[in-house]
A.B. asks: 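Starting off with a structure, shown below.
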Protein chains: 2
Amino acid sequence: MSVEHTLLAVLSFWPSTGYNIKSEFEHKAAGLYWGMSYGSIYPKLKKLEDEGFIYTVEQEDEGRKKKLYELTSKGWEEFENWLKVPPSYPVIKDELLMKMSTWHEDMDYDILITHLTKRKEETEDILRFVKEWPQNGYSYISKLGTLSIRFAEMRLETELKWIAESIEALKKDDLPNGQDPHGNTEKLLERRRKAIGEKKEK
Amino acid sequence: MSVEHTLLAVLSFWPSTGYNIKSEFEHKAAGLYWGMSYGSIYPKLKKLEDEGFIYTVEQEDEGRKKKLYELTSKGWEEFENWLKVPPSYPVIKDELLMKMSTWHEDMDYDILITHLTKRKEETEDILRFVKEWPQNGYSYISKLGTLSIRFAEMRLETELKWIAESIEALKKDDLPNGQDPHGNTEKLLERRRKAIGEKKEK
DNA sequence: GAGCCCATGTAAAGTGTTACATGATTGC
DNA sequence: GCAATCATGTAACACTTTACATGGGCTC
């Protein structure tokens, strides 16, 4: 029931519309929140309303009609009970790590360096945002929110450090030794060459 | 097509069975890989075989009958083309951060400390595994695999550092100031109390 | 009046997990 | 002989995204 609880959590800050929730999640703040599409948000909001966790505060004052949702007492209770449940361990899907750790020696390292460089730029962008966010003067960030953001900051900085080290190592071809007790590196290259019918280069 | 490519990547190391792939992913190595269930693995392997990316090497020598899958030349090609595609930015779903940043001041901090402590233990377990893995003498880890593991190590150590700092801050009630230009903290507590009909404590 | 952002919603397609069924072999 | 592990597979369910439909207001 995680999407529902995320919605309750967002609504705990202040009453919001479905559209608004989506935009809040758009810049998704470096892993603090994760994205949701309208296709999940609107039906879930309706469901939460049907079940009595939230209610609509119709708004028409600014010309546009929109549906503001607010938590009911049942909604607050559900939200707070969810807060008390020990969180499950985070899931990280990092394609770069997957690719890097399955990269093989007949594949040009330069392409990998390109991937790392792209990642570096993206991470720098997010880090810049994360650093400015708690000082922009208008966003609401609670004391504990600041602690969470501190984590994002530390994590992103660690990542940049690792990227720099990795690019260095790749450029100098100064890579650490792996662990290959059964000569797998060679076997892999042989299997590959046999399969694609290539003769050994170098 | 990400699950498919993950399967090709795993098979690039050596021919494997569906069962074997699942076990490889079981300890999922700190975010380097992510889990898959039999319900995805077996149908996808069949699909990949039908499409000519992998083929079966029937095995019956050890009593048990199992289906070893190996990459075809088309499979190697597809795998390597996938390696060349710039990876998308990682998705992190961290419920602890979500809960922490939406925690409010009428919720007992002790529970949050419990969550952090649990997370600390889980992270320590994984870190221990990650550190021993490249030195256990039997696992195959390529040079680039070692670099990836280095990242996992750094990330986990950063996390532990942040957890320690956060627990300290919570215990001493020495939290950083947030950013609250519109008095949202108070508004939130008022909305909540109004909703659940509680009078202000403290 | 064209294009863009605000705003709500749905149907179909895609993707994945859970739970079960089945059966052989190994270790105690 | 019984439990655990090895091994393959599927059907039903859950969950999400994609793509579309709709319409008002704002700005140039």
Side-chain angles (χ1 to χ4, degrees), chain A residues 1-8 10-11 14-28 33-51 54-70 82 88-93 95 98, chain B residues 1-8 10-11 14-28 33-51 54-70 82 88-93 95 98:
Chain A
M1 206 194 176
S2 202
V3 171
E4 278 94 331
H5 286 118
T6 307
L7 290 174
L8 294 181
V10 173
L11 291 179
W14 45 66
S16 302
T17 69
Y19 184 82
N20 215 34
I21 291 170
K22 168 82 173 156
S23 353
E24 281 280 314
F25 278 76
E26 213 71 299
H27 48 49
K28 69 190 139 68
Y33 306 107
W34 45 95
M36 278 188 288
S37 60
Y38 293 129
S40 339
I41 293 174
Y42 285 113
K44 292 287 183 202
L45 285 174
K46 198 171 212 172
K47 198 189 157 207
L48 286 170
E49 188 176 24
D50 289 345
E51 292 169 344
I54 58 178
Y55 65 97
T56 322
V57 190
E58 291 287 352
Q59 285 269 109
E60 269 151 297
D61 36 24
E62 279 172 73
R64 271 196 199 79
K65 46 198 155 351
K66 49 182 179 177
K67 285 168 81 174
L68 268 184
Y69 285 103
E70 167 65 307
W82 173 75
S88 53
Y89 206 79
V91 176
I92 304 180
K93 294 193 179 183
E95 230 181 272
M98 177 85 225
Chain B
M1 207 192 174
S2 202
V3 171
E4 279 95 331
H5 286 118
T6 307
L7 289 173
L8 294 180
V10 173
L11 291 179
W14 44 67
S16 302
T17 68
Y19 183 83
N20 215 34
I21 291 170
K22 167 85 172 155
S23 355
E24 282 279 313
F25 278 75
E26 212 71 299
H27 47 51
K28 67 188 142 84
Y33 306 108
W34 45 96
M36 279 188 287
S37 60
Y38 292 131
S40 343
I41 293 173
Y42 284 114
K44 292 287 183 201
L45 284 174
K46 198 171 213 172
K47 197 188 158 207
L48 286 170
E49 189 176 22
D50 288 345
E51 293 169 342
I54 59 177
Y55 65 96
T56 323
V57 190
E58 292 286 354
Q59 284 269 111
E60 269 150 297
D61 38 22
E62 277 172 71
R64 271 195 199 80
K65 44 198 153 359
K66 50 183 178 176
K67 286 168 81 173
L68 269 184
Y69 286 103
E70 167 66 307
W82 172 75
S88 52
Y89 206 79
V91 176
I92 304 180
K93 294 192 180 183
E95 230 181 272
M98 175 86 225

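Residue numbers start from 1 in every chain, and the chains themselves are labelled A, B, ... in the order their sequence lines are given, proteins ahead of strands.
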A.B. asks: Looking at A:Tyr19, does any N or O in its side chain come under 4.0 Å of the phosphate oxygens OP1/OP2 on C:dT8?
C.D. replies: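 No, because none of the side-chain N or O atoms of A:Tyr19 sits under 4.0 Å from OP1 or OP2 of C:dT8.
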A.B. asks: Under the side chain to side chain donor-acceptor pair (under 3.5 Å) rule, collect the residues that match up with A:Tyr19, sequence neighbours excluded.
C.D. replies: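 Applying side chain to side chain donor-acceptor pair (under 3.5 Å) to A:Tyr19 gives none.
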A.B. asks: According to ring-ring contact (aromatic ring centres under 6.0 Å, His included), who are the partners of A:Tyr42, at least two apart in sequence or on a separate chain?
C.D. replies: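 Only A:Tyr38 meet the ring-ring contact (aromatic ring centres under 6.0 Å, His included) criterion with A:Tyr42.
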A.B. asks: How would you list, by chain and number, every residue that makes a salt bridge (Lys or Arg N to Asp or Glu O under 4.0 Å) with A:Lys67, sequence neighbours excluded?
C.D. replies: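 So A:Lys67 forms no salt bridge (Lys or Arg N to Asp or Glu O under 4.0 Å) with any residue.
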A.B. asks: In whole Å, I'd like the distance from the NZ atom of B:Lys47 to the P atom of D:dG9.
C.D. replies: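 Result: 17 Å.
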A.B. asks: Applying salt bridge (Lys or Arg N to Asp or Glu O under 4.0 Å), name anything that partners A:Glu49, two or more places apart in sequence or on another chain.
C.D. replies: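 For A:Glu49, no residue satisfies salt bridge (Lys or Arg N to Asp or Glu O under 4.0 Å) once neighbours in sequence are set aside.
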A.B. asks: Can you list everything that forms a side-chain contact (heavy atoms from CB on, under 4.5 Å) with A:Val57? Sequence neighbours excluded, please.
C.D. replies: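 With sequence neighbours excluded, A:Val57 shows a side-chain contact (heavy atoms from CB on, under 4.5 Å) to A:Tyr55, A:Leu68, A:Glu70, given in chain and number order.
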A.B. asks: From B:Phe25 CZ over to B:Trp34 CH2, what is the distance, rounded to the nearest 0.5 angstrom?
C.D. replies: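 With rounding to 0.5 Å, CZ (B:Phe25) is 8.0 Å from CH2 (B:Trp34).
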A.B. asks: Using the C1' atoms of the five pairs at each end, what is the angle between the end axes of the helix from C:dG1-D:dC28 to C:dC28-D:dG1, to 10°?
C.D. replies: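 Roughly 30°, once rounded to the nearest ten degrees.
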A.B. asks: According to a strict under-4.0 Å criterion, is A:Thr17 in side-chain N/O contact with OP1 or OP2 of C:dC6?
C.D. replies: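 So the side chain of A:Thr17 is outside the cut-off, no N or O lying under 4.0 Å from OP1 or OP2 of C:dC6.
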A.B. asks: CG of B:Leu45 versus P of D:dT10: gap in Å, rounded?
C.D. replies: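 Spelled out: CG on B:Leu45 to P on D:dT10 is 12 Å.
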A.B. asks: Would you mind reading off the distance between B:Lys44 atom NZ and D:dG9 atom P, rounded to a whole angstrom?
C.D. replies: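 Atom-to-atom, B:Lys44 to D:dG9, this comes out as 16 Å.
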A.B. asks: Can you tell me how far P of D:dC6 sits from CG of B:Leu68, to the nearest Å?
C.D. replies: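 That distance rounds to 15 Å.
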A.B. asks: With sequence neighbours left out, write down each residue that passes side chain to side chain donor-acceptor pair (under 3.5 Å) with A:Ser40, or none if nothing qualifies.
C.D. replies: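 Applying side chain to side chain donor-acceptor pair (under 3.5 Å) to A:Ser40 gives A:Ser37.
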A.B. asks: How many whole angstroms separate atom CD1 of A:Ile21 from atom P of C:dA7?
C.D. replies: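 Roughly 12 Å, once rounded to whole Å.
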A.B. asks: What does the list of N/O pairs under 3.5 Å between the protein and nucleotides 17-21 of chain D look like, with a distance for each?
C.D. replies:
from   : atom 1 : to      : atom 2 : distance (Å)
D:dT17 : OP2    : A:Ser37 : N      : 3.4
D:dT17 : OP2    : A:Ser37 : OG     : 2.9
D:dT17 : OP2    : A:Ser40 : OG     : 2.9

A.B. asks: Closer than 4.0 Å, any side-chain N/O of A:Lys22 to the OP1 or OP2 of C:dC6?
C.D. replies: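 So the side-chain polar atoms of A:Lys22 never come under 4.0 Å of the phosphate oxygens OP1 or OP2 of C:dC6.
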A.B. asks: Give the rounded distance in Å between these two atoms: CH2 of B:Trp34 and C1' of C:dG16.
C.D. replies: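 B:Trp34 atom CH2 is separated from C:dG16 atom C1' by 15 Å.
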A.B. asks: If I take atom CG from residue A:Leu7 and atom NZ from residue A:Lys44, how far apart are they, to the nearest 0.5 angstrom?
C.D. replies: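 Result: 8.5 Å between the selected atoms.
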A.B. asks: Say you draw a straight line from NE2 of A:His5 to CG of A:Leu48; how long is it, rounded to the nearest 0.5 Å?
C.D. replies: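 One finds 8.5 Å between NE2 of A:His5 and CG of A:Leu48.
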A.B. asks: Starting at OH of B:Tyr42 and ending at C1' of D:dA11, how long is that distance when rounded to a whole Å?
C.D. replies: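 Going from B:Tyr42 (OH) to D:dA11 (C1'), I get 17 Å.
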A.B. asks: To the nearest Å, how far apart are B:Lys66 NZ and C:dG23 C1'?
C.D. replies: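 Rounding to the nearest Å, NZ of B:Lys66 and C1' of C:dG23 are 16 Å apart.
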A.B. asks: Under 4.0 Å: is that the gap between some side-chain N or O of B:Lys67 and OP1 or OP2 of D:dG9?
C.D. replies: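 Yes, within the criterion.
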